[in-house]
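Here is the naming used below: chain letters follow the sequence lines, and residue numbers restart at 1 for every chain. These numbers come from a predicted model, not from an experiment. Because only heavy atoms are used, hydrogens play no part in the values below, and waters and symmetry mates are left out as well, while side chains stay in.
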Number of protein chains: 2
Amino acid sequence: MRNIKGVIRLTEERDEEMSLKLFVVLTRALDAIQKRVIEDIKHLGLNPTEFAVLELIYNKGDQPIQKIGEKVLIASSSITYVVDQLEKKELLERKLHPSDRRVKLATITQKGKTLMDEVFPKHKKGLQEIFAGLDVKEKEQLIDQLKKLGLHAQNLN
Amino acid sequence: MRNIKGVIRLTEERDEEMSLKLFVVLTRALDAIQKRVIEDIKHLGLNPTEFAVLELIYNKGDQPIQKIGEKVLIASSSITYVVDQLEKKELLERKLHPSDRRVKLATITQKGKTLMDEVFPKHKKGLQEIFAGLDVKEKEQLIDQLKKLGLHAQNLN
DNA sequence: TTCATTTATCTCGAATTAGTACTAATTCTA
DNA sequence: TAGAATTAGTACTAATTCGAGATAAATGAA
C-alpha cells in the first residue's frame, strides 16, 4: 500500500519549491527587463521614476501630486522630490488647483511634451523588442495570470 | 477588398499596446508581491537585501563577496555595505580565501544559522500563500514564460 | 458657526543603493 | 620574469526613496 500522507507531503513540498522558484524567476525577469528599459531612459537624462511621472501626465493629462504617487507606486514625500527634479529640468510645472487650494497639479510643459513626443514611441518600440519572444496570445495569458497574482498579493494585507 | 496594410498596422499597434500593458502588469505584480515579502522580512530586523545575502550563504555555503553581488543582483560597492551591516549583527563573518588572497569569503555564523533555521521555513510558507492563487501547473507555465522573457531581455544587451 | 477630523502636500532625517576612484593581489604576455 | 592588464574588494560620494511629523485647507458633525 502506498503511503498517502507521504505523497501529500511531497506534493506540498514541491509546490513550495515552485513558489520559491517562481519568486526568483519573476524577480530576475523583471530585473533584466528593467535594466534594458532603464538603459534606454537614461539616455534622455531621466531616471525611471522621473520618466514614469512624465509619462503619466503626458498620457493622462494634469494630475494632483497625490494621484501621481498612487499611480507610480511611490510615497508622497518621494513624489515631491521627483516633481522638484522635473521642474528644475523644466519638463513640468506645478499649478494651483482651480477649486481645492490644498491641491497642486503637475502639468507638462511644452519642453516636456516635445521630449515625450520624441521618446515615447521609442519607448514602446523598445518594450516591443523586449517582449518579442512572446506572441499576442501568450502576452494576454501572462497578463491575466500576473494580474491574478498581483491582486492576490495585495489582498493579503 | 479589405485593406491588408491597415489590418497589419492595427495588429502591430495592438501588439505594442499588449507589450506596454504587460510591462505595467509585471511591474505592479512584482511590486505587490515584494511589498508583502518585505513586510514579512522586516519583522526579523533585516532588510530585503540583507535577507537575500544571508539566505544565499545559508543555502549555498560560503561565498566570495563578488559572487554575492552577482547572485543578489547588487553592485559590489553596495555589497560591502550590506555585509558590514550583517557583520555588525553578527550574522555572518568575513574570512580569507585559502588560496586566492584577493578574495574574502562571507561565512554564516552560528547565530545567523540559528536565525535562518527559524525564519526560512516561514519565508517559504509566506511565498506559498502569496502564490496560492495559482496551481502547480500554472506556476510551471509561468516560470517557463518568465524565463524565456528574462533571457530574451538579457540577450538584447 | 466652531471645532474635530480628514486630506494634500511638504520638510527633514535616515536608510539604501549606485557610481567612481582607489589599493592590493593575481594573471597574462612579450 | 618584469610590467601591463585584470580582478576582488573597499571607501567615499551622490542620488533616490521612505517614514514621521508639520502645515494648511477642506469637510463634517453638533
Side-chain angles (χ1 to χ4, degrees), chain A residues 27 30-32 34-39 41-54 56-57 62-89 92-107, chain B residues 27 30-32 34-39 41-54 56-57 62-89 92-107:
Chain A
T27 304
L30 187 57
D31 193 83
Q34 279 181 337
K35 281 216 171 101
R36 292 282 326 148
V37 174
I38 289 170
E39 199 48 45
I41 291 173
K42 237 196 240 161
H43 293 306
L44 316 173
L46 298 177
N47 72 34
T49 316
E50 289 171 357
F51 182 80
V53 170
L54 202 54
L56 178 67
I57 57 177
D62 300 1
Q63 300 285 328
I65 305 286
Q66 175 83 191
K67 285 282 173 221
I68 297 175
E70 285 166 23
K71 305 250 176 105
V72 182
L73 304 175
I74 274 194
S76 71
S77 55
S78 308
I79 288 294
T80 300
Y81 172 78
V82 176
V83 171
D84 283 350
Q85 298 306 108
L86 286 169
E87 213 167 15
K88 269 185 210 155
K89 292 172 188 165
L92 61 72
E93 283 170 356
R94 274 179 247 244
K95 69 176 186 189
L96 296 175
H97 189 285
S99 60
D100 190 334
R101 282 193 298 165
R102 292 170 307 178
V103 178
K104 277 174 198 155
L105 295 173
T107 323
Chain B
T27 304
L30 187 57
D31 192 84
Q34 278 180 338
K35 283 216 170 103
R36 288 289 321 152
V37 174
I38 289 169
E39 199 47 45
I41 290 173
K42 239 195 238 161
H43 291 306
L44 315 173
L46 297 176
N47 73 36
T49 317
E50 290 172 356
F51 182 79
V53 171
L54 202 54
L56 178 67
I57 58 176
D62 298 1
Q63 301 284 328
I65 306 285
Q66 176 82 191
K67 285 281 173 223
I68 298 176
E70 286 166 22
K71 305 252 177 104
V72 181
L73 305 174
I74 274 196
S76 73
S77 55
S78 307
I79 288 293
T80 298
Y81 173 78
V82 176
V83 171
D84 283 350
Q85 298 307 108
L86 286 168
E87 215 168 13
K88 267 186 211 157
K89 292 174 187 165
L92 61 72
E93 282 169 357
R94 277 178 245 244
K95 69 177 186 188
L96 295 174
H97 189 285
S99 60
D100 190 335
R101 281 192 297 165
R102 292 171 307 180
V103 178
K104 276 177 197 153
L105 295 172
T107 323

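In this structure, the CD1 atom of B:Ile74 is 15 Å from the P atom of D:dG9, given to the nearest Å. Separating the CD1 atom of B:Ile79 from the C1' atom of D:dA11 is a distance of 16 Å, rounded to the nearest angstrom. One interatomic measurement links the two molecules: CZ of A:Arg102 to C1' of D:dA22, which rounds to 16 Å at whole-angstrom precision. Spacing between atom CD of A:Gln66 and atom C1' of C:dC10 amounts to 12 Å, rounded to whole angstrom units. Atom CG in A:Asp84 sits roughly 14 Å away from atom P in D:dA15 (whole-Å rounding). The distance between atom NE2 of A:His97 and atom P of C:dT9, rounded to the nearest whole Å, is 9 Å.
Closest to the side chain of B:Thr80, out of C:dT9, D:dT10, C:dT11, is D:dT10. Of the candidates D:dA25, D:dG9, C:dT9, the closest approach to any side-chain atom of A:Asp100 belongs to D:dA25. Comparing atom distances between the A:Val82 side chain and each of C:dT9, D:dT17, C:dA18 picks out D:dT17 as nearest.
Ion pair B:Lys88/B:Asp84 not flagged as a salt bridge, since none of the NZ, NE, NH1 or NH2 atoms sits closer than 4.0 Å to an Asp/Glu carboxylate oxygen. Under a 4.0 Å N-O distance rule, the pair B:Glu70/B:Lys67 qualifies as a salt bridge.
Not one side-chain nitrogen or oxygen of A:Lys104 sits closer than 4.0 Å to the OP1 or OP2 atom of C:dT7. Within the structure, every side-chain polar atom (N or O) of A:Arg101 is placed at least 4.0 Å from both OP1 and OP2 of D:dA24. For A:Asn47, a side-chain nitrogen or oxygen approaches OP1 or OP2 of D:dT16 to under 4.0 Å. At least one side-chain nitrogen or oxygen of A:Ser78 sits closer than 4.0 Å to the OP1 or OP2 atom of D:dC18. Under 4.0 angstrom from either OP1 or OP2 of D:dT10 there lies at least one side-chain N or O belonging to B:Arg94. Residue B:Thr49 places at least one side-chain N or O closer than 4.0 Å to OP1 or OP2 of C:dT17. Here A:Tyr81 does not reach the OP1 or OP2 of D:dT17: none of its side-chain N or O atoms lies under 4.0 Å away.
If you check every strand for non-hydrogen atoms under 4.0 Å, A:Lys67 touches nothing.
Taking 4.5 Å as the limit, every side-chain heavy atom of B:Val103 sits out of range of all side-chain heavy atoms of B:Gln66.
Looking at which nucleotide of DNA chain D each of A:Ser99 and A:Ser77 is closest to, the 5′-most match is held by A:Ser77. Checking B:Leu73 against A:Val83, the closest nucleotide of DNA chain C that is more toward the 5' end is the one next to A:Val83.
When each of A:Leu56, A:Val37, A:Leu44, A:Ile38 is checked for a side-chain contact (heavy atoms from CB on, under 4.5 Å) with A:Phe51, only A:Leu44 meets the rule.
Here A:Leu46 contributes atom CG and A:Leu86 contributes atom CG; the two are 6.5 Å apart, rounded to the nearest 0.5 Å.
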